[in-house]
Trainee: 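The structure that follows is given in the form of structure tokens.
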Amino acid sequence: MHAPIPPPQQMAMGQQPAMSGGVPLPHSQYPFPLTGYEMPPVAMGYGGPIPYGVAVPYMQGPPPPSKPPMDVADHPDLFIPKPVEEFLPRFRRQIRDKNIPEILNSYEVEFNKLSDRWFTEDPWPVVEQVVTLDSGMADDEVFITLYKELYFRHIYAKHKPTIDHRYNSFSNYCDLFNLILNTEEPIDLELPQKWLWDIIDEFIYQFQTFIQFRGKLKTRTAEEILSLKENQKMWNIHSVLNVLYSLIAKSNINQQLELNLAGETPAPGVFGGHSLYKELGYYGLIGLLRLHTQLGDYHQALQSVSNIQLSKKVLAVTRVPAAHISLYYFVGFCYFMMRRYKDTVRTFSNIIVFIQRAKQHFQPKSFQLDLVLKQNEQMLSILAMLISLSPQHVDEVVNSQLKHERYTDKMAKMQKGDLKTFEEMFTFACPKFMSPIPPDYDSLPENYNKEPTRYQCSLFLAEVEQQLIIPTIRSYLKFYTTMPISKLASFMEVDEPTLREQLLRFKHKTRTLVSTTKGVKHLSGELQSSSDLDFYIDGDMIHIADTKVARRYGDFFIRQINKLEEIAGRGN
Amino acid sequence: MSRSWEDWQGVIRPKLEGINRYNPDNMETLEQYAQFQAESHHYDFEANLTLMKLYQFEPHRAVARVALQILLKALVNMPKPDFSLLKSVLPCNLHVVFCVYTPWWWLSLATGRGGGAGGETPRSPGVVQFREVWGGGEDGGVGEVTSHISNFQEQIRKYICSVLEVSYQTVSTELVREYLGGIDDAVLMELASGSGWTVSGETVHIRKQEELIKPKKILAKIDVESVSGILTAAIK
């Protein structure tokens, strides 16, 4: 069932075709493990494939870079504050006892409190120091890996990670995923869902920042550039994809979700039945959605989460709102780029309403809340663009947020066809697009980091340019039920043949897929007109069919009643 | 290469699963498969997207001719969104070459109406570079490109027919001919009978639209979920 082991010359194939600038290929020194291949154990330092049916590739931490991971001299006195000294062994015990509520408290509350109190200037203590705090700590591979995950994450969040931090954090992620994936039985570990999501999210985030780091060659030192050249396997796109695909395969998550949707009892298997694997698999799907979107592959992005149902019910019980907000944001964005405007509106409306309610559960002024609010604004910006291009009915909650002057001015400009405003809004609202390949380290093209976003934006603007005619035609047709072609042509100040083509383009552009599958299988759908206004031409006469939306008194009353209750409740 | 469609499925499917999609060793097979599709009526977007993605990951190995073939094949499969989905994963070294070409432009091209339909002219640098890729002459380039896809014109015509079908109830015969690239009576009659249109003299009857395109009303709906809180509070 496996493809034959590739002969060595095939492994080194990347050496033959060289890019003009002589950039080594990502895999020229790095034949990443792929399913169906058994990597030669000796040469590559890989073990054999995991024997549980399918050979799932797994990660091997790359060898440590030349420098020691942390310069101990950075810590002037090697002093570990008392509360920290007490906290870490306790934290380790909680993890060993699988006490989820306590772990969550230590992870979410205590760790951050201690960070704010003791580690605003410096990173947390290096692991070599930490292991002296408790007997047995040194042998607790799982705890050490998890501690290092937090250690690096703290550096990324509060300090400036150096190139070695970046490499070492990557190695640590490899170690962590290896512990989880490279095993015949599920690892004896349980973690709060929140932490598991953060691991996946942070992993992709650090990948993204690494891509920006290596693309910004102007600010890199000669030493750093040399190191980047030598360490091409660090944060390689294939490794990152490999981690996510392996988590998904190992947890059997897609099959579980599919059976679940079909109303059958899932048969998760040994790993899939373990909550750690199941949840990592689930978040892995969302991670893949994000990664594919950032690479511009909207089809594969939506395909990744095709078994995850977008439903209010799931939202109502989620313990990790951030994961679901991400899910909706990226799904909606993909729809937007596919011109599936009705689906975009539906996806974003649901999550914006959810954020409206969930906001209060976030800690005020926390970075999590900031992030959620930013994503909210990004989605509103997309909706503002969308409605300017293709006016349509949106939920009252969304509509009231769009009435903010931040959007009304811009929408007025966009409706007049101001491409500059579209560009500005798009750049703000889109995810950070990435180039999967390293830059030419010897001659850096300008704006290397900006290029992927610029490209996606140019595709979008080209699309906008073609669609701009639609709102204009619509605005005239809106007032009539029938209208001769010649009359519209004179309104639009074009000749009849041109107008006829524009009308055909209206039809061509507004015919899109609309999902009919209740929040799953996001790619499927049936062809419909995405416009609220439709028409047909009979000879020389345009017949217009408009959509009338009844005033939504119900929503209005519900909101007012709720508000009243709230105020009355506060009074008591 | 004389594999049948079924044979190809057996070869291709395993190459699209999981992480194996990103195995650059698959590139050659996927290129041959794209060629197979170009020469036949078969179409496999999933496989073509995978190939384009491999190009995105290793731009120096991207073959412009194959990339274009894939794009054209996606184009004749409109209104599927495949064309724009492929464009957004184009390898970076082909961005400049292809990015100015929009489906609409190709449509006008395929029907022989020139590049200026609807006032939308591709920027000239794009054209120049594009022809360089093909080494085509002044006018030879375009015809040469589309000839790499079997039945390109027919397929594009089919798409245009489908747009006409949702737009017109009746339309003048002359206009239909023009839209479809100046076709003669015989071709028109064939297309008409295939689409269920009736041609009577100067007019083509496409289909009755009154019942299909009519005003809609969206009524205000309230779901139970949003009033349940209020109702329970009222009962208490």
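Values reported hereafter were calculated over all heavy atoms of this structure, with side chains retained and with hydrogens, waters and symmetry mates removed. None of the values given here were measured: they were computed from a predicted structure. In what follows, every chain begins at residue 1, and chains take the letters A, B, ... in the order their sequences are listed.
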Trainee: If only atom types and distance count, is the side chain of B/Q209 paired as donor or acceptor with the main-chain N or O of A/I537 below 3.5 Å?
Mentor: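 Not confirmed, B/Q209 side chain does not pair with A/I537 backbone.
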
Trainee: Which residues pass the salt bridge (charged side-chain N to carboxylate O under 4.0 Å, His left out) test with A/D538, not counting sequence neighbours?
Mentor: none

Trainee: Heavy-atom distance under 4.5 Å to chain A: side chain of B/S162, backbone, both or neither?
Mentor: both

Trainee: Any chance you could lay out the side chain to side chain contact (heavy atoms under 4.5 Å, CB included) test for B/S88 and A/Q456, step after step, and finish with the verdict?
Mentor: CA-CA 7 Å; B/S88 42; A/Q456 297 295 329; 3.5 Å; yes

Trainee: Under 4.5 Å from any heavy atom of chain A, what part of B/L86 do you find: side chain, backbone, both or neither?
Mentor: neither

Trainee: If I measure from the heavy atoms of chain A, does B/E210 come under 4.5 Å with its side chain, its backbone, both, or neither?
Mentor: both

Trainee: State the NE2-OH distance between A/H508 and B/Y159, to the nearest 0.5 angstrom.
Mentor: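 Answer rounded to 0.5 Å: 4.5 Å.
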
Trainee: Are A/Y455 and B/L90 packed together at the side-chain level, in the sense that at least one heavy-atom pair is separated by less than 4.5 angstrom?
Mentor: yes

Trainee: Tell me if the CZ atom of B/R13 is crowded by more than 12 foreign heavy atoms within 6.0 Å.
Mentor: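 Yes, enclosed.
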
Trainee: Pick whichever of A/I469, A/L295, A/V494, A/D540 has the most heavy-atom pairs under 4.5 Å with chain B.
Mentor: A/L295

Trainee: With a 4.5 angstrom heavy-atom cut-off, is it the side chain or the backbone of B/I213 that approaches chain A, or both, or neither?
Mentor: both

Trainee: Determine whether more than 12 heavy atoms belonging to other residues, nucleotides or ligands lie under 6.0 Å from atom CD of A/Q560.
Mentor: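 Atom CD in A/Q560 is packed in, count exceeds 12.
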
Trainee: Sort by residue number and list every member of residues 164-174 of chain B having a non-hydrogen atom under 4.5 Å from chain A.
Mentor: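 Only B/L164, B/V166, B/S167, B/Y168, B/Q169, B/T170 of residues 164-174 of chain B have a heavy atom under 4.5 Å from chain A.
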
Trainee: When you look at B/E58 and A/I437, which way does the side chain to side chain contact (heavy atoms under 4.5 Å, CB included) test go after all the steps?
Mentor: CA-CA 7 Å; B/E58 291 185 39; A/I437 48 162; 5.7 Å; no

Trainee: Going by atom types only, do A/H292 and B/K53 share a side-chain donor-acceptor pair under 3.5 Å?
Mentor: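 Short answer, yes.
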
Trainee: Determine the option with the most heavy-atom pairs under 4.5 angstrom with chain B, choosing from A/M337, A/R511, A/M541.
Mentor: A/R511

Trainee: Does CD belonging to B/E28 count more than 12 external heavy atoms closer than 6.0 Å?
Mentor: no

Trainee: Pick whichever of A/L503, A/I558, A/D532 has the most heavy-atom pairs under 4.5 Å with chain B.
Mentor: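 It is A/I558.
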
Trainee: What pair of heavy atoms forms the shortest contact from A/R500 to B/L175, and how long is it?
Mentor: CD-CD2, 3.4 Å

Trainee: Using non-hydrogen atoms only, which part of A/L241 is less than 4.5 Å away from chain B: side chain, backbone, both, or neither?
Mentor: both

Trainee: Nearest 0.5 Å, please: how far is CD in B/E46 from CD in A/Q300?
Mentor: 5.5 Å

Trainee: Within the 4.5 Å heavy-atom criterion, are A/R339 and B/P81 side-chain neighbours or not?
Mentor: no

Trainee: What part of A/H299 gets closer than 4.5 Å to chain B, counting heavy atoms only: side chain, backbone, both or neither?
Mentor: both

